Amino acid sequence: MTSLGNGPETSGAASTGSAVPTIGVFDSGFGGLTVLRALVTRAPQAHYAFIGDTARLPYGSKSRRTIARYAAQSARFLVEEQRADYLVIACNTASALALDAIKEAVPASVSVIGVIEPGAEAARRASKTGDVLVIATDATVHSHAYAAACRAHGLRALEKACPLLVPLVEEGWIDHPVTAEVIRIYLDELLAEAAAAGLNPDVLVLGCTHYPLLKPVFRRMIPASMRIIDSAESAADKLVMHLSYDLGTPPPAALDDSVMKFFATDSVEKFERLGSRFLGRSVGKVELVDLGG
Ligand code: DGL
């Protein structure tokens, strides 16, 4: 069994046994396509199967038990039906609340990579003051998974739920005055809370896979010296480290012959229509799947 820096968010050995690994990517919706985009850029030679559990989105307002049940079903679909060798949990909420349930749902040989630990590691590398801000869904914030992961890296994290942002992004209101105003209000509150707590934050972690689409808006509204950490990028870096380690050689730079399959549990037309904004290229055909109750 191989292992590479297996922290709380990685598991499995993923000896793929084949030259071209299949990477299963899972999100509650299609925000996780931002993670897939980062993955394809770094490992264009792999095959990808992406599932968005659009019928049951949002996860961010649901209980740990429900999120764990839903996430385990998607994980099993990717491993049993799509033959995924690796699983990337491209959803902060599922990574925060259901990572153990996902690992238990699939064979130990499948490497499972969440987005929280890579995000915290990247925050540690970026922060000079040791104080970071994290924005995420309600469920992720209340799990305090980021605070715990940041603490393990010697950082102090102030977390804030921004529940209005996911529906705005899902609606495609990326460059929209309403979205900008909502972000401004959230950031004003967060920066005021940080000041009241005596923190001197120099990093903002986007702890939700929908938020990278709003990065230019965040950039305009936070101090120029503050770094933005996109957990999608950090998780993709982590997976590539696994691939390089498990396959013995670094992935080739840009073969661009990746094979991508897309699945959703509902709203396939919306996925096909809006998915390209997240992926940066056409999504093509999205297959409807029924994961059960
Ligand atoms: N994908 C989720 C995340 O990254 C946000 C959407 C949801 O609430 O399901 O936390």
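This structure is a prediction, so every number in the text was calculated from the model and none was measured. Atoms within each ligand, like the ligands themselves, are counted from 1 in listed order. If you read the sequence from its start, that first residue is 1, and numbering goes on from there.
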side-chain hydrogen bond (donor to acceptor under 3.5 Å, both in side chains) against T209, all qualifying residues, sequence neighbours excluded: none
Test: R124 and E121 ion pair at under 4.0 Å: no
Charged N-O contact under 4.0 Å between K238 and E117: no
Under 3.5 Å, sequence neighbours excluded: what are the donor-acceptor pairs made by side chains of residues 164-176?
unit_1 : atom_1 : unit_2 : atom_2 : d
E170   : OE2    : H210   : NE2    : 2.4
H176   : ND1    : V178   : N      : 3.0

With sequence neighbours excluded, residues passing side chain to side chain contact (heavy atoms under 4.5 Å, CB included) with S28: L57, Y59, C91
Protein residues having a heavy atom less than 4.0 Å from any atom of ligand 1: D27, S28, L57, P58, Y59, G60, C91, N92, T93, T137, V166, C208, T209, H210
Distance-only donor-acceptor check, side chains T265 and D53, under 3.5 Å: yes
